[in-house]
Amino acid sequence: MKSSMRRAMRLWNKGHWKDYLFSHTMLLVASLLLVFFISIGLGVGRILDRFLSSDLPDEQVRVTPKGISAGFFQTERGGVEISDALLDSLENLPQTARIDRQVYAHVPAYLRGLLGGRNYYTDITLEGVTDAFVPDSLEERFGWRYTLADSSTARLPIILSENLLLLYNAGFAEAHGLMGLTRQGVVGLECQVTLGASSIASLQARPITVNAQIIGTSRSMALFALAVPIEFVEEVNELFLPGRPHSYSALVVTARTAEEVPDIVRAAEAMGLNAETQRGIAQKAELLVGIVTAALGALAAAILGAAMASAVHTLVADLKNRSYALGVLVALGTTRERLAQVFAFQVFLMSSITTILGGLLGCGLAALVSWGLLSLLPVLRLAVPSLAVFPVIHLAAGLGSVLLASTVWAWFFFKKTLGTPVTDLLRR
Amino acid sequence: MSAVIQARGISRSFGGITVLKDLDMTVHHGEFVAVTGRSGSGKSTLLGILGTLDRDFQGSLHVNGRDTAPMDAETLAALRRETMGFIFQDFHLLPNLSALENVLLPAVFSGRYMEPVEKEAESLLHRLGVRVDATPSRFLSRGERQRVAAARALAGRPMVLLADEPTASLDEASEEILFDLLDSMRREKGFALVAVVHTRSVMERADRVLDLREGVLHHEVIHA
């Protein structure tokens, strides 16, 4: 800053530092809050999206029984099961290209292993899926075939539902002092799966135990299930419950085109089944994210509005109070151009610096809050790397709006004041 | 003597009330012109027009030989800065600034501030008997503020100093002191002085006395 400008600024603001600091503090707070709410708001949206997302492609419909799908517990809940007859009906629809089946193991089961050097035990539900659910890379590496005959030479491959992983992290791990698991960290874990018994139920037949390994994770599995090759589940169901009617936990129906998906949904619902599509999941997610975002947005807008109004009011009121001083300066021969330079420096440059500083502090606060929340809630830490999101363009646009809103009013009033005849300005 | 201000046919009305009527007036370099008249006779209005602060008048105004009619606000501001000094009736000091800061204000805001300017301002204040310290001008006495306003007007080395009742509400002795100083500096520096005054002793110092009655210049007293 040139010394003459610095001197002019000092004289102009002498005795008005409180107003000056107040308006800039308000501007700083407004910028800080704006960045904080954008950052954390988008972070919350991201985490909701993460929890509610699904890998289901657009042309697929996931058909499940009505009621609560909980594998082993399903029959006890009395839900409508997907029988072979319903499968045939869906297969015969002209819109159906193919159907991939999923079958629950209707036998109690549990899993044991070592986690962080400690014994780990949990009751589980197995769900048999075809290789259509398995990413090609995993299938090539591990193969997606397993029967009891393979138990002496191979490990049972398991694909873990990511929702189950979140549930584990959110409740079980914390409550039992166990380490949290990340999506990457869980892959490769070895364990033993026992079928025919669990902590709450057992069958008359002698339980069997196989070695197993988690080979991947998926977002499209049922909430409580571990996915394993379907022939293994069919074999276990037949072994332990030979007389039980055959049923499916879910069918993933692929339509010939995405446009035909609604027809399949209608047909499935007519059969008394649930039909879920990517669009439906996305709509639910969008609705929830929308509600949360709107609530956060309203709160942010209220706080931001108050801070902005305060900053603008102080800037304009300060000018209004000093129109007399402007008149004195003009009367003494100061050109309006020179005054505009001083004002531009004071309002635009200093406000820009304040806004940027507020933005940086907002980023810092968002990062701090994110760090605090992720430290307190491991489930969040494992779901997303950070709750704070910093989209540079959005933040720059937001800060630019704050800067414009505050300075344009002040500039408008300043120009209006400068346009007033000197003799009028000199009247106090 | 050449004219520093030449006003011809000046008329000024406010809401249909004519305050100045077809007034001619010339101020020459270095002369002291006293303007007198009763309250409401248009003295302040006349000084506002001569000082180019009020542009809403009929007639012509030349300052230092330049016609002010075609000048825009920026040019007029520069003209004021280069040729004029003002002592307003209310002094128009910025209350939060010290005496020295008020004197330096025009130089600072016109980007002409330099160390010698500050030295000269300090010297002016000393000569006018104002202490140079950080006291805000709002705490100064009326007499002190009047002298600070005079120092500010003189600091710009004007060709003409316009003083609008600078001694209003001051006692006669204070008025004498101020005009002693202004008159001696006028003789020393050669600027013209146009002052609205009421005291006979001050009028007697002037080269000419213009008597304004209800906006009309009735007669001009010229001292030898």
Side-chain angles (χ1 to χ4, degrees), chain A residues 1-23 317-347 349 414-428, chain B residues 12 14 44-45 47-49 51-57 72-86 88-98 100-115 117-118 134 136-138 149 152-153 155-156 158 162 164:
Chain A
M1 186 175 24
K2 278 172 69 180
S3 67
S4 65
M5 183 65 83
R6 196 168 54 230
R7 202 173 288 271
M9 283 272 294
R10 193 172 63 78
L11 293 188
W12 177 249
N13 289 308
K14 193 171 179 187
H16 297 272
W17 288 110
K18 276 184 193 167
D19 291 339
Y20 181 74
L21 289 176
F22 179 75
S23 63
D318 182 42
L319 267 175
K320 215 176 240 179
N321 292 337
R322 294 162 76 185
S323 55
Y324 164 75
L326 279 175
V328 171
L329 287 167
V330 173
L332 295 177
T334 308
T335 60
R336 285 162 168 82
E337 188 191 345
R338 176 68 177 170
L339 287 172
Q341 281 173 4
V342 175
F343 182 83
F345 182 84
Q346 165 133 342
V347 170
L349 184 63
F414 174 74
K415 292 298 275 184
K416 195 178 155 206
T417 306
L418 274 191
T420 309
V422 190
T423 44
D424 291 344
L425 290 175
L426 287 174
R427 286 191 197 106
R428 289 197 227 212
Chain B
R12 178 71 165 104
F14 292 97
S44 295
T45 303
L47 254 66
I49 290 170
T52 73
L53 298 175
D54 185 356
R55 301 193 69 191
D56 201 9
F57 63 90
D72 61 12
E74 297 297 85
T75 316
L76 280 178
L79 182 73
R80 280 196 296 275
R81 192 177 66 232
E82 286 157 12
T83 59
M84 295 176 185
F86 293 91
F88 299 98
Q89 197 171 358
D90 294 328
F91 313 131
H92 290 331
L93 300 180
L94 296 192
N96 294 314
L97 304 189
S98 69
L100 181 62
E101 287 165 340
N102 266 295
V103 174
L104 289 173
L105 202 60
V108 168
F109 272 84
S110 60
R112 289 180 301 127
Y113 172 83
M114 284 181 294
E115 212 166 298
V117 175
E118 186 165 340
S137 62
R138 65 177 182 275
R152 184 179 65 186
L162 301 166
D164 185 8

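Throughout, protein chains are lettered first and strands after them, A, B, ... in sequence-line order, and every chain is numbered starting at 1.
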- Task: Take B:Val108 and A:Arg10 through the side-chain contact (heavy atoms from CB on, under 4.5 Å) test and state the conclusion after the steps.
- Result: CA-CA 10 Å; B:Val108 168; A:Arg10 193 172 63 78; over 6 Å; no
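- Of all the listed residues (A:Val342, A:Leu339, A:Leu329), the one sharing the greatest number of non-hydrogen pairs under 4.5 Å with chain B is A:Leu329.
- For B:Leu53, the parts sitting under 4.5 Å from any heavy atom of chain A are the backbone and the side chain alike.
- No part of B:Arg55 comes within reach of chain A, as not one of its non-hydrogen atoms sits under 4.5 angstrom from that chain.
- The contact between A:Leu11 and chain B is made by backbone and side chain atoms together, counting heavy-atom distances below 4.5 Å.
- Both the backbone and the side chain of B:Phe109 come within contact range of chain A, judged by heavy atoms closer than 4.5 Å.
- Across all their heavy atoms, A:Glu337 and B:Glu74 have their closest contact at N-OE2, 2.8 Å.
- Contact check for A:Leu332 versus B:His92: no side-chain heavy atoms found under the 4.5 Å cut-off.
- Contacts of A:Val330 with chain B are made by both backbone and side-chain atoms, with heavy-atom separations under 4.5 Å.
- Interface remark: of the candidates B:Leu79, B:Asn96, B:Asn102, B:Asn96 forms the most heavy-atom pairs closer than 4.5 Å to chain A.
- Ranked by heavy-atom pairs shorter than 4.5 Å toward chain B, the options A:Ala331, A:Gly327, A:Gly15 are led by A:Ala331.
- A:Arg7 contributes atom CZ, which lies 8.0 Å from atom CG of B:Leu104 (distance to the nearest 0.5 angstrom).
- Note that CG of B:Asp72 is 9.5 Å distant from CZ of A:Arg336, once rounded to the nearest 0.5 Å.
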